[in-house]
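First listed ligand is number 1; within each ligand, the first listed atom is number 1. For clarity, every value in this text was computed on a predicted model and none was experimentally measured.
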Amino acid sequence: MTKERPIVVLASDHAGIGMRKKLRDELLAGGYEVLDLGPETADPVDYPDYAEAVAGPVSRGDARFGVLVCGTGIGMSIAANRFPGVRAALLYDEFAARHARRHNDANVAVFGSRTMRPDAAAHRLKVFLAEPFEGGRHAVRLEKIRRMENRPGQYVPKGAAGCPS
Ligand code: RB5
């Protein structure tokens, strides 16, 4: 019996099309089930629309992992992290790719087409998808983030003073 690979949903903005296609092809070659949400043409688009297209299914549990590409990876990261349960990480090197999974249980990998080489991005994605979450003390920290999602703007860590109003 072959081991079932998780569904990976991908999107980019116009700046990330080339890198997204490379990542998609590498995923398909690796046996992943891939849902590529575009865009297909280089006409300028707004990255939040594509971040939502990927972060939505990940947030709802319809996709196990997401991949997003924009020029820097920063806009996609900001937008995707607005969705409950989404932990989007900008994978700026291999160590970050490994630890985004091990320590942060990241479920969306983000890349910058103007700041990274395509081969390096493809390698980091491979590392990211293969790495397990360690749990334990890291799960306790993620639970604190989950609580922030339920009480936006109200979370004050124990022992820390709130900002003066
Ligand atoms: C598009 O020019 C660029 O702003 C976008 O790809 C991204 O880098 C935003 O964070």
Pair R20 + E40: basic N to acidic O under 4.0 Å: yes
One line per pair, note the atom names and distance for all nitrogen or oxygen contacts under 3.5 Å between ligand 1 and the protein.
| unit_1 | atom_1 | unit_2 | atom_2 | d |
| --- | --- | --- | --- | --- |
| ligand 1 | 2 (O) | R114 | NH1 | 3.2 |
| ligand 1 | 6 (O) | D13 | OD2 | 2.5 |
| ligand 1 | 6 (O) | G71 | N | 2.7 |
| ligand 1 | 8 (O) | G71 | N | 3.2 |
| ligand 1 | 8 (O) | T72 | N | 3.0 |
| ligand 1 | 8 (O) | T72 | OG1 | 3.3 |
| ligand 1 | 10 (O) | T72 | OG1 | 3.4 |
| ligand 1 | 10 (O) | G75 | N | 2.9 |

Do R124 and D93 meet the salt-bridge criterion of a basic N to acidic O distance under 4.0 Å? no
Pair K21 + D25, salt bridge at N-O below 4.0 Å: no
With a 4.0 Å cut-off on N to O distance, would you call E149 and R146 a salt bridge? no
Side chains of L125 and L91: closer than 4.5 Å at any heavy-atom pair? no
Between R60 and D62, is there a salt bridge with N-O shorter than 4.0 Å? yes
